[in-house]
Amino acid sequence: MDEKDVVIIGGGAAGLLCAIEAGRRGRRVVVLEHNSTIGKKIAISGGGRCNFTNLNTGADNFISANPHFCKSALARYTPADFISLVEKHRIAFHEKKLGQLFCDGSAQQIITLLLEEASETGVEIRCGSTVQSVNKSNPNEGGFEIKTNSGSIVSETVVVATGGLSIPPLGATDFGYRLARQFGIEIREPWPALVPFTLSREELRALTPLSGVSVDASVSCRGAQFRENILVTHRGLSGPAILQISSYWGPGRSIVVNLLPEVAADELLREQENKELSLANFLSQFLPRRFAAAWCALHFPSQPLKRYTPRQLTDIARKLNHWEVLPVGTEGYRKAEVTAGGVSTDELSSQTMEVKKVPGLYFIGEVVDVTGQLGGYNFQWAWASGHAAGRSA
Ligand code: FDA
């Protein structure tokens with residue numbers, strides 16, 4: 001039977017960084033990836049340019065039942081650590097906005113970097129290798145037997161880096177969650193995150209004239225708030241601010257959109273109450289013209305400002321600063337950039353990602369209940385958790 005020190009299941013960002021670290025320590029490492037190539041998500045990430053980290057990474061950028069869990073791994077593998085790897089491979093990059101670093105060229109460069117580092121450190125990568133089962137070699141001793149479609153491997157340690165449920169055509173499976181349950185490890189029920197919202201048919205019909213228009217707004221839900229663009233689509237709402245807030249949303253909740261985040265709309269409208277200017281024309285000073293016209297048509301027939309009663313102006317102002325929208329759902333794992341929830345952090349060592357009650361078994365990356373906001377944080381978590389496990393496995 002094939003013998004290894006470390007078997008890593010999943011050749012994505014977390015699995016590969018872990019393999020490189022373990023390989024550097026002289027461990028005999030194999031990465032088992034069921035796709036025909038590694039890093040399929042890396043290849044399409046960041047619109048093909050891979051937003052590989054964020055300069056402002058901190059624990060506040062992550063959602064987890066235990067917000068402190070990610071601190072240790074993030075502190076020991078920082079954005080600067082990954083940047084130095086990117087620089088070593090002479091990959092040109094730039095900051096797009098808000099600390100988000102992207103390749104100037106292509107996301108494929110990050111995959112090449114990982115492949116080169118893995119090869120330098122003697123890591124073996126087996127693509128087209130599906131893991132069918134993982135069991136303890138002997139119930140009373142350490143070590144595991146890993147059955148794959150091309151034979152079995154015995155290994156001292158197993159690292160589960162199978163990611164979440166998002167985008168099934170890219171190879172997403174529930175294998176990691178199933179394996180966790182098999183070993184009696186608690187799972188925080190996963191949900192699709194960083195995902196567009198769907199709206200009711202009536203609401204969609206009403207919003208159709210706004211379709212394709214994006215507007216800078218502040219969006220809030222359950223205590224979280226994001227200021228970026230929102231975009232009305234033919235299915236509902238999208239755009240960075242919507243994707244961000246979707247991670248905090250739950251069925252039956254509304255989100256609140258502030259279309260004038262820098263302005264107290266009631267004061268603004270009170271100053272205009274005797275003006276001839278129509279409401280839509282007035283609002284087009286602050287919002288895209290097409291959006292202002294369609295939004296007024298949706299809520300308040302546009303007429304000269306002086307014709308509105310003080311009460312109507314108060315209603316308009318409230319809606320501008322506090323527009324409640326009730327999504328009927330999300331576009332689900334088909335469109336979600338990540339899967340929130342996952343292997344409970346209570347079960348893992350925050351230093352090493354090893355399962356406390358199953359020595360030798362590790363979970364890293366997106367399969368763990370640590371989910372980043374939009375902007376390169378999810379890769380930083382994949383690198384950092386992979387590094388933590390690679391130092392120990
Ligand atoms: P990942 O999903 O990358 O890897 C898991 C691997 O395990 C896959 O290759 C899968 O095929 C394999 N696997 C699953 N089951 C298996 C089994 N039974 N046997 C063998 N192999 C198995 N993040 C970010 O920070 N910046 C960005 O720009 C983007 N952009 C982006 C765009 C899009 C469209 C998506 C869908 C996602 C992003 N993300 C992102 C999120 C980011 O891609 C994601 O969080 C990381 O890839 C997670 O890395 P993991 O290694 O944990 O899982």
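Both counts, for ligands and for their atoms, begin at 1 and track the order of listing.
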**Study point:** Carboxylate-amine/guanidinium proximity below 4.0 Å for Glu262 and Arg227
**Key:** yes
Study note, to complete from the structure: the protein heavy atom lying closest to atom 19 (N) of ligand 1 turns out to be Val131 N, 3.5 Å
**Study point:** Which of the ligand 1 atoms, numbered from 1, are nearer than 4.0 Å to a heavy atom of Ser45
**Key:** 27 (C), 28 (O), 29 (C), 30 (N), 31 (C), 32 (C)
Check your understanding: atom 28 (O) of ligand 1: which of Pro168, Gly46, Ala382, Cys50 has the nearest heavy atom?
Key -> Gly46
Exercise for review: Could you tell me whether Leu32 approaches ligand 1 through its side chain, its backbone, both or neither, with non-hydrogen atoms closer than 4.0 Å?
Suggested key: backbone
Exercise for review: Specify whether Phe102 and His94 have parallel, tilted or perpendicular ring planes, treating 30° as the upper limit for parallel and 60° as the lower limit for perpendicular.
Suggested key: parallel
Point to revise | Check ion pair Arg24-Glu117 (N to O, under 4.0 angstrom) | key: yes
Check your understanding: Among Glu337, Gln380, Gln373, whose heavy atom sits nearest atom 39 (N) of ligand 1?
Key -> Glu337
Practice item. Identify whether the distance between the nearest side-chain nitrogen and carboxylate oxygen of Asp266 and Arg270 falls below 4.0 Å. Key: yes
Point to revise | Nearest neighbour of atom 5 (C) of ligand 1 from the list Cys103, Ala14, Ala161, on a heavy-atom basis | key: Ala161
Review point. Tell me, which protein residue and heavy-atom name are nearest atom 53 (O) of ligand 1, and how many Å apart are they?
Key: Gly163 CA, 3.4 Å
Practice item. Identify, for atom 48 (C) of ligand 1, the protein heavy atom at the shortest distance, and state residue, atom and that distance. Key: Glu366 OE1, 3.4 Å
Check your understanding: Which residue and non-hydrogen atom of the protein lie closest to atom 2 (O) of ligand 1, and at what distance in Å?
Key -> Lys41 NZ, 3.4 Å
Exercise for review: Please confirm whether Glu33 comes under 4.0 Å of ligand 1, counting heavy atoms of the residue only.
Suggested key: yes
Check your understanding: In terms of atom number and element, which parts of ligand 1 are under 4.0 angstrom from non-hydrogen atoms of Tyr377?
Key -> 25 (O)
Review point. Tell me: protein heavy atom nearest atom 7 (O) of ligand 1, and distance?
Key: Gly10 CA, 3.2 Å
Practice item. Please determine if Lys88 and Glu116 form a salt bridge, counting it only when a charged side-chain N lies under 4.0 Å from a carboxylate O. Key: no
Review point. Does Ser129 have a heavy atom less than 4.0 Å from any atom of ligand 1?
Key: yes
Revision key, fill the gap. Near Ile44 (heavy-atom distance under 4.0 Å), the atoms of ligand 1 are 34 (C)
Revision key, fill the gap. In ligand 1, the atoms that come under 4.0 Å of a heavy atom of Gly171 are 10 (C), 11 (O), 14 (C)
Review point. So does Lys356 pair up with Glu347, basic N to acidic O under 4.0 Å?
Key: no
**Study point:** Proximal ligand 1 atoms for Asn35, defined as those under 4.0 Å from one of its heavy atoms
**Key:** 11 (O)
Exercise for review: Any atoms of ligand 1 less than 4.0 Å from a non-hydrogen atom of Gly365? List them with their elements.
Suggested key: 52 (O)
**Study point:** Within 6.0 angstrom of Arg25 CZ, more than 12 heavy atoms from elsewhere
**Key:** yes
Exercise for review: Closest by any non-hydrogen atom to atom 43 (O) of ligand 1: pick that one out of Phe379, Phe102, Trp383.
Suggested key: Phe379
Study note, to complete from the structure: Looking only at non-hydrogen atoms, the one of Val367, Leu374, Thr162 nearest atom 16 (C) of ligand 1 is Thr162
Check your understanding: What residue and heavy atom of the protein are closest to atom 15 (N) of ligand 1, and at what distance?
Key -> Thr173 OG1, 2.7 Å
Practice item. May I ask you to decide if the ring planes of Trp383 and Phe82 are parallel, tilted or perpendicular, using 30° and 60° as cut-offs? Key: parallel
**Study point:** Ring centres under 6.0 angstrom apart (Phe226, Tyr248)
**Key:** yes
Review point. Between the side chain of Tyr308 and the main-chain N/O of Gln303, is any donor-acceptor distance below 3.5 Å?
Key: yes
**Study point:** Contact (N/O only, under 3.5 Å) between His34 and ligand 1
**Key:** yes
Practice item. Look at Asp2 together with Arg126 and state whether they make a salt bridge at an N to O cut-off of under 4.0 Å. Key: yes
Practice item. Considering only NZ, NE, NH1 and NH2 on the basic side and carboxylate oxygens on the acidic side, decide whether Arg76 and Glu21 come within less than 4.0 Å. Key: no
Exercise for review: Compute the shortest N/O to N/O distance between Val338 and ligand 1 and return yes if it is under 3.5 Å, no if not.
Suggested key: no
Exercise for review: Look only at interatomic distance and state if Asn51 has a nitrogen or oxygen under 3.5 Å from any nitrogen or oxygen of ligand 1.
Suggested key: yes
Check your understanding: Where on Ile167 is there a heavy atom closer than 4.0 Å to ligand 1, on the side chain, on the backbone, on both, or on neither?
Key -> side chain
Check your understanding: What is the closest protein heavy atom to atom 3 (O) of ligand 1, and at what distance does it sit?
Key -> Gly12 CA, 3.8 Å
**Study point:** ligand 1 contact on Phe52 by region, counting heavy-atom pairs under 4.0 Å
**Key:** neither
Practice item. State yes or no: do Ile63 and Val338 share one hydrophobic cluster built from I, L, V, M, F, W and Y residues joined by side-chain heavy-atom distances below 4.5 Å, directly or via other members? Key: no
Revision key, fill the gap. Shortest non-hydrogen pair, Thr339 vs Thr371, comes out as O-OG1, 3.6 Å
**Study point:** Shared hydrophobic cluster, Leu85 / Ile83 (ILVMFWY, side-chain heavy atoms < 4.5 Å)
**Key:** yes
